[in-house]
Amino acid sequence: MTTSLIMVLNGPNLNLLGTREPAVYGTGTLDELETLCAETAEGLGVAIDFRQSNLEGELITWVQEARTNAAALIINPAGYSHTSIALMDAVSALDIPVIEVHLSNIHKRESFRHLSYVSLAADGVICGLGFAGYRLALIALSDILEEDQ
Ligand code: CA2
């Protein structure tokens, strides 16, 4: 049996985690988030490919890569959640399970954050739980992948 690979994609400005806005995004850094995901994945017996980009086109290329290389996708599209039909289209083209994660509760914030185009293409959405949202997304996807076997 081969180990399932879950791609974890992070959008623009998430490289700044831990440096500003701790009241909204917490004090942990992106490296610490990757470590949490890697440790969670190890415990679940899955592998992760964790990436961050500030570029819309690069995120779209990576989502397309997930079509052939990954068993499931976790994506925090950050600001592109609310603007990018192109990213939504790329996620719509996937045949693998997708969970969208937001650190903050986007529904408790400015009204322009209430709509995520990517949510229209995701199978599940987790928001407002900080880093734990990524951990829960990994657990849910590992369950789904196990059921599919
Ligand atoms: O809550 C989330 O995870 C968001 O996806 C984060 C995005 C925001 O545009 C979405 O509405 C909700 C922003 C990411 C910026 O992250 C920063 C982290 C630290 C300091 C500055 C920005």
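All residue numbers in this chain count up from 1 along the given sequence. Every number for a ligand or one of its atoms is a count from 1 in the order of the listing.
With G26, S104, S116 as candidates, the residue nearest to atom 1 (O) of ligand 1 on a non-hydrogen basis is S104.
Of the protein's non-hydrogen atoms, the one nearest atom 4 (C) of ligand 1 is H102 ND1, 3.7 Å. Counting only heavy atoms of the protein, atom 17 (C) of ligand 1 lies nearest to N13 O, 3.5 Å. Given atom 20 (C) of ligand 1, the protein heavy atom at minimum distance is R20 O, 3.4 Å. Counting only heavy atoms of the protein, atom 13 (C) of ligand 1 lies nearest to Y25 OH, 3.4 Å. When only non-hydrogen protein atoms are considered, atom 2 (C) of ligand 1 lies nearest to L103 N, 3.3 Å. Among all non-hydrogen protein atoms, the one lying nearest atom 9 (O) of ligand 1 is R113 NH1, 3.0 Å.
Atoms of ligand 1 found under 4.0 Å from any heavy atom of G79 (numbered from 1 in listed order, with element): 9 (O). Those atoms of ligand 1 that come under 4.0 Å of a heavy atom in L14, given as number and element, are 14 (C), 16 (O). Applying the 4.0 Å criterion to heavy atoms of H82 picks out, from ligand 1, the atoms 10 (C), 11 (O). Within the listing of ligand 1, atoms 21 (C) sit less than 4.0 angstrom from a heavy atom of E21.
Contacts between T19 and ligand 1, counted as non-hydrogen atom pairs separated by less than 4.0 Å, are absent for every part of the residue.
Taking a 6.0 Å sphere around CD of E42, one finds it holds 12 or fewer heavy atoms contributed by other residues, nucleotides or ligands.
At least one donor-acceptor pair under 3.5 Å links the side chain of Q52 to the backbone N or O of G11. The backbone N or O of V98 lies less than 3.5 Å from a partner atom in the side chain of D123, making a donor-acceptor pair. Within the 3.5 Å criterion, the main-chain N or O of R109 finds a donor-acceptor partner in the side chain of H114.
Residues Y134 and N10 bring a donor and an acceptor atom of their side chains to less than 3.5 Å of each other.
In this structure, Y80 is a member of the same hydrophobic cluster as V63, with clusters built from ILVMFWY side-chain heavy atoms closer than 4.5 Å.
With R51 as reference, E65 is the one residue of E65, E34, E58 to meet the side chain to side chain donor-acceptor pair (under 3.5 Å) rule.
Across all non-hydrogen atoms, the minimal contact from A38 to I48 is N-CD1, 3.5 Å.
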